[in-house]
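A quick note: this is a predicted structure, and the numbers were derived from the prediction, not measured.
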Amino acid sequence: MLERNYQFWMGGVLATQLDEVSDDPAKVEDGNFWAVLIDFEGKKRFAKFAQVQEELFPSIAWSKLTGVWKSSHSEDQYIAYVNQIRKQIAEGGVYQVNACRELRTPHEMGDGGLRGLFSQILRENPAPHASYLSIPGIEIASASPELFLSRSGNKLLTSPIKGTLRAEGELFGEKDKAENLMIVDLMRNDLGQIADPGSVEVSELFRDEEHPGLRHLVSDICADVGEDISWAEIFAATTPPGSVSGAPKSAALKVISEHEQARGPYCGALGWIHGDRAQLSVAIRTFWSNDDGLLRFGTGAGITWGSDPILEWQETQLKAQRLISIAGGNFS
């Protein structure tokens, strides 16, 4: 048994008593409960917990931060990034790219780490796939609204988000729907690599979901997988999530690598696997700490030819504003 108060929580399921951490996806085939963290760049961490129970996350105090959040891209740099993507779209090399930036602020973790922040997030910004993870070397407090993969038996479901508006009054336009449809097609292709022939289906297209302060355009794609398909094969076919990379995925990833530092956990996959059941979110709206004295938060926007660079910058601000206000600190 590994020492310290390592744990995982998601959807009312609390896992404690950390037994093992591995980067081998074959480990999760053993029927035990494993917390899963896959970085955007593909680094894998699987954490086996011995104790799993249904339990509400405890209410823990959080002292708001007072430092300054610094961005990996200034407004001018982000606008230049968006314009470069639009140029590459015009040249035919790519159709859509999710352009992100990282916010960071100094913060030395006390004994409670990010547990207080996550407790505050659950009260002030409840999210359907909110999760907390603490394992050696990393701690994460996520308010993710997006399902990456769920599994029940041989059934897989993914629900990509593309399209974000303020909660009041606005309607999703053709740009939002076109962008969402691109990612639906991408996820159909990803699932098609490991699904039973003919089983991939778009079960719902363009669902309007309301979240704290925001509305999202969401679609559902489902598929069946055979018992001979391993988790290693599923991860190879589907990561990183298409909604936070772009289309075609390989071209989008090349653009991202040229303009961004490594995203790490942000935009990766976060959740759990237990036998033939699983729930994995896209790790957006997520704070994380690598034990280096910095707290990090990522934000981004999907860029198409029709994107207005200033409006895309404003979207990244909108997505960050509510959660940063919960954490505290100077953000502008």
Side-chain angles (χ1 to χ4, degrees), residues 4-10 37 39-40 56-79 81 99-127 129-145 164 166-167 211-214 260-268 270 281 283-301 310 312-332:
R4 286 187 53 180
N5 188 28
Y6 297 120
Q7 59 185 258
F8 170 80
W9 187 95
M10 186 180 195
L37 174 61
D39 286 2
F40 184 77
L56 295 177
F57 198 84
S59 180
I60 301 169
W62 171 254
S63 297
K64 285 201 171 187
L65 306 177
T66 59
V68 176
W69 289 89
K70 294 185 178 180
S71 175
S72 59
H73 294 69
S74 67
E75 181 175 359
D76 287 345
Q77 289 169 333
Y78 189 83
I79 287 172
Y81 181 11
C100 297
R101 58 193 179 97
E102 180 184 288
L103 306 173
R104 61 177 68 177
T105 188
H107 180 59
E108 293 296 337
M109 299 296 164
D111 292 339
L114 297 181
R115 296 174 75 234
L117 175 56
F118 185 65
S119 176
Q120 196 74 18
I121 286 170
L122 291 179
R123 288 193 295 271
E124 297 188 28
N125 195 95
H129 306 291
S131 54
Y132 171 82
L133 176 67
S134 173
I135 57 174
I138 192 161
E139 187 178 13
I140 297 175
S142 174
S144 175
T164 301
R166 293 185 184 275
H211 297 268
L214 298 171
E260 298 181 31
Q261 61 193 28
R263 293 181 183 177
Y266 175 58
C267 292
L270 175 63
S281 70
I284 55 175
R285 318 290 155 80
T286 294
F287 296 93
W288 75 100
S289 170
N290 297 320
D291 293 340
D292 60 359
L294 293 172
L295 183 61
R296 293 174 165 86
F297 183 87
T299 186
I310 295 176
E312 299 296 355
W313 166 264
Q314 292 173 354
E315 181 173 324
T316 69
Q317 293 285 89
L318 174 64
K319 289 175 177 176
Q321 191 170 31
R322 184 182 183 94
L323 285 162
I324 294 293
S325 70
I326 293 172
N330 184 7
F331 167 70
S332 60

- prompt: Taking the six-membered ring for Trp, are Trp288 and Tyr266 parallel (under 30°), tilted (30 to 60°) or perpendicular (over 60°)?
  reply: parallel

Approximate separation, where rounding is to 0.5 Å, of Arg285 CZ and His211 NE2: 8.0 Å

field: Exercise: identify the closest heavy-atom pair between Ala127 and Pro145
entry: CB-N, 4.5 Å

- prompt: Does the side-chain contact (heavy atoms from CB on, under 4.5 Å) test come out yes or no for Phe287 and Ile324, once each step is laid out?
  reply: CA-CA 9 Å; Phe287 296 93; Ile324 294 293; 4.0 Å; yes

statement: dist Trp313:CH2 -> Ser74:OG (nearest 0.5 Å) comes out at 6.5 Å

- prompt: Do the side chains of Ser131 and Ile140 get nearer than 4.5 Å, heavy atoms only?
  reply: no

query: Looking just at side-chain N and O atoms, do Arg115 and Ser134 make a donor-acceptor pair shorter than 3.5 Å?
result: no

query: Within the side chain of Lys319, is there an N or O that forms a donor-acceptor pair under 3.5 Å with the backbone of Gly300?
result: yes

- prompt: Does the side chain of Ile138 reach to within under 4.5 Å of the side chain of Pro265, using non-hydrogen atoms?
  reply: yes

- prompt: Checking Trp62 side chain against Phe118 main chain: does a donor-acceptor pair fall under 3.5 Å?
  reply: no

query: At their closest point, which heavy atom of Gln7 faces which heavy atom of Phe57, and how far apart are they?
result: OE1-CE1, 4.0 Å

- line: When every non-hydrogen atom of Met10 is compared with those of Ser281, the smallest separation belongs to CE-CB, 4.0 Å

statement: Separation between CG (Leu133) and CZ (Phe8), nearest 0.5 Å, reads 6.5 Å

field: Minimum heavy-atom distance between Cys100 and His73, given as atom pair plus value
entry: O-CE1, 3.9 Å

message: Please check: side-chain N/O of Ser325 versus main-chain N/O of Leu323, any donor-acceptor pairing under 3.5 Å?
response: no

- prompt: In Å, rounded to the nearest 0.5 Å, how long is the span from CZ of Arg104 to OG of Ser72?
  reply: 7.5 Å

- prompt: Looking at side-chain heavy atoms only, is the closest gap between Trp69 and Leu295 below 4.5 Å?
  reply: yes

message: Run the side-chain contact (heavy atoms from CB on, under 4.5 Å) test on Leu122 and Trp9 for me, step by step, so that the C-alpha distance in whole Å, both residues' side-chain angles and the decisive distance to 0.1 Å come before the verdict.
response: CA-CA 12 Å; Leu122 291 179; Trp9 187 95; 4.2 Å; yes

- request: Check for a donor-acceptor pair, side chain of Thr105 on one end and backbone N or O of Val68 on the other, with a separation under 3.5 Å.
  value: yes

query: For the residue pair Ala320 and Leu103, what are the closest heavy atoms and their distance?
result: CB-CD1, 4.0 Å

field: Nearest non-hydrogen partners of Ala143 and Asn125, listed with the distance
entry: CB-ND2, 3.9 Å

- prompt: Do we see a donor-acceptor contact under 3.5 Å between the side chains of Thr316 and Thr299?
  reply: no

query: Could you give the distance from NZ (Lys64) to CD (Gln120), rounded to the nearest 0.5 Å?
result: 7.0 Å

message: Would you say CD1 of Ile310 has more than 12 non-hydrogen atoms from neighbouring residues, nucleotides or ligands within 6.0 angstrom?
response: no

- line: CD1 of Ile326 to CD of Glu124, rounded to nearest 0.5 Å, is 4.5 Å

Under 3.5 Å side-chain donor-acceptor pair for Glu260 and Tyr81: yes

query: Are Arg296 and Asn290 side-chain neighbours, meaning at least one heavy-atom pair lies under 4.5 Å?
result: yes

Sidechain-backbone polar pair: Ser289 side chain, Glu139 backbone, donor-acceptor under 3.5 Å: no

query: Mind checking whether Ser59 and Arg123 have side chains closer than 4.5 Å, heavy atoms only?
result: yes

